[in-house]
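One structure is given below, represented as structure tokens, and several questions about it will come after.
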Amino acid sequence: MRFLAPVVLCAVVLASCGGGSSEKQTEKKEEAASETPVDNSMVSPGAAEAAASKGAALIEQKDCKTCHKVDTKLVGPGYKEVAQKYEATEANIEMLADKVISGGSGHWGEVAMTPHADLSKDDAKEMVKYILSLK
Ligand code: HEC
């Protein structure tokens with residue numbers, strides 16, 4: 001019996017201490033950060049940046065990088081070279097977007113760019129806008 005005493009004691013202690021503490025957790029609700037003001041001062045550059053990064057993201061998703069790099073010629077010209085050759089006018093963006101979709105050759109050498117028929121015109125334009133922003 002003496003052997004069991006510590007065990008019983010433990011049980012008693014646990015029962016008396018464990019049950020008593022019912023702490024209420026005070027839940028603080030995070031104040032909704034609705035008062036954050038919209039900063040309109042950067043709308044134009046911000047929008048241009050957003051458009052450029054959309055094009056960059058599209059280029060990431062496609063096979064473009066197997067043939068193009070930003071700085072150096074790979075199979076196709078580097079994007080910066082392309083940007084230097086063409087001004088970012090609406091007409092050039094249209095023309096280059098069509099090129100990306102239907103493929104092309106003869107402007108940079110003998111190697112042709114494969115067509116990307118699955119691209120929408122809008123996506124192709126976003127990509128070209130990004131490329132031409134890389135001066
Ligand atoms: C199979 C390799 C290859 C792939 C993949 C490729 N390109 Fe090209 N790209 C080329 C070559 C080669 C040229 C140069 C064509 C020429 O001489 O007219 C070129 C040219 C271009 C040009 C300039 C066109 C001109 O007329 O000056 C743009 C813009 C371009 N590519 C964008 C892209 C984009 C965006 C993608 C992805 C959707 C892509 N390329 C995928 C090989 C490729």
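These numbers come from a predicted model, not from an experiment. Heads up: numbering here begins at 1 and tracks the sequence. Order of appearance sets the numbers: ligands from 1, and atoms from 1 within every ligand. Note: hydrogens, waters and symmetry copies are ignored here, and every other heavy atom, side chains too, is used.
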For Ala88 against Ile93, the heavy-atom pair lying closest together: O-CD1, 4.1 Å
For atom 2 (C) of ligand 1, the protein heavy atom that lies nearest, with its residue and separation: Cys67 SG, 1.8 Å
Val100 contact mode with ligand 1 (heavy-atom cut-off under 4.0 Å): side chain
Atoms of ligand 1, numbered as shown, that sit under 4.0 Å from any heavy atom of Val75: 12 (C)
Closest non-hydrogen atom pair between Ile131 and Ala83, with its separation: O-CB, 3.4 Å
Pairing of Glu90 and Lys125 as salt bridge, 4.0 angstrom limit: yes
Nearest non-hydrogen protein atom, atom 18 (O) of ligand 1: His107 N, 3.0 Å
His116 side chain to Thr114 backbone, donor-acceptor under 3.5 Å: yes
Those atoms of ligand 1 less than 4.0 Å from some heavy atom in Met127: 38 (C)
Option nearest atom 29 (C) of ligand 1 (shortest heavy-atom distance, choices Ile93, Leu119, Ile101, Val82): Val82
Nearest-neighbour protein heavy atom for atom 11 (C) of ligand 1, which is reported as residue plus atom name and distance: Gly76 CA, 3.6 Å
Any donor-acceptor N/O pair, Glu81 side chain to Gly78 backbone, under 3.5 Å: yes
Atoms in ligand 1 with a heavy atom of Gly106 nearer than 4.0 Å: 16 (C), 17 (O), 18 (O)
Donor-acceptor under 3.5 Å (Lys65 side chain, Glu60 main chain): yes
Ligand-residue contact atoms, ligand 1 with Gly109, heavy atoms, under 4.0 Å: 17 (O)
Short N or O distance, Thr66 and ligand 1, threshold 3.5 Å exclusive: no
Identity and distance of the protein heavy atom lying nearest atom 13 (C) of ligand 1: Pro77 CD, 3.5 Å
N or O contact, His68 vs ligand 1, cut-off under 3.5 Å: yes
Parallel, tilted or perpendicular: ring planes of His107 versus Tyr86, cut at 30 and 60 degrees: tilted
Protein residue, atom and distance nearest to atom 23 (C) of ligand 1, heavy-atom basis: Trp108 NE1, 3.7 Å
Nearest-contact summary for atom 15 (C) of ligand 1 - protein heavy atom, Å: Gly104 O, 3.6 Å
Lys/Arg N to Asp/Glu carboxylate O, Lys62 vs Asp123, below 4.0 Å: no
Protein contact of atom 25 (C) of ligand 1 - nearest heavy atom, named by residue and atom, plus distance: Tyr86 OH, 3.2 Å
Lys99 NZ: over 12 foreign heavy atoms closer than 6.0 Å: yes
From CA spacing to verdict: side chain to side chain contact (heavy atoms under 4.5 Å, CB included), Val75, Thr66: CA-CA 8 Å; Val75 178; Thr66 59; over 6 Å; no
Residue Glu87 excluded, over 12 heavy atoms near CD under 6.0 Å: no
Residue-ligand contact Leu96/ligand 1, heavy atom below 4.0 Å: yes
Best match, Glu126, Lys99, Glu110: closest heavy atom to atom 26 (O) of ligand 1: Lys99
Backbone or side-chain N/O/S of Met113 under 2.8 Å of atom 8 (Fe) of ligand 1: yes
N/O donor-acceptor pair under 3.5 Å between His68 side chain and Tyr79 backbone: no
Polar contact flag for Lys85 and ligand 1 (N/O pairs, less than 3.5 Å): no
Ala97 versus Val128, closest heavy-atom pair with distance: N-CG2, 3.7 Å
Cation-pi geometry met for Lys73 and Trp108 (6.0 Å, 45°): no
Contact check: His116 vs ligand 1, nitrogen or oxygen atoms, below 3.5 angstrom: no
For Ala112, the ligand 1 atoms whose distance to one of its heavy atoms is below 4.0 Å: 12 (C)
Distance-only N or O hit between ligand 1 and Thr114, under 3.5 Å: no
Ser105 and ligand 1 - part of the residue with a heavy-atom distance under 4.0 Å: backbone
Which residue and heavy atom of the protein sit nearest atom 36 (C) of ligand 1, plus the separation: Cys64 SG, 2.9 Å
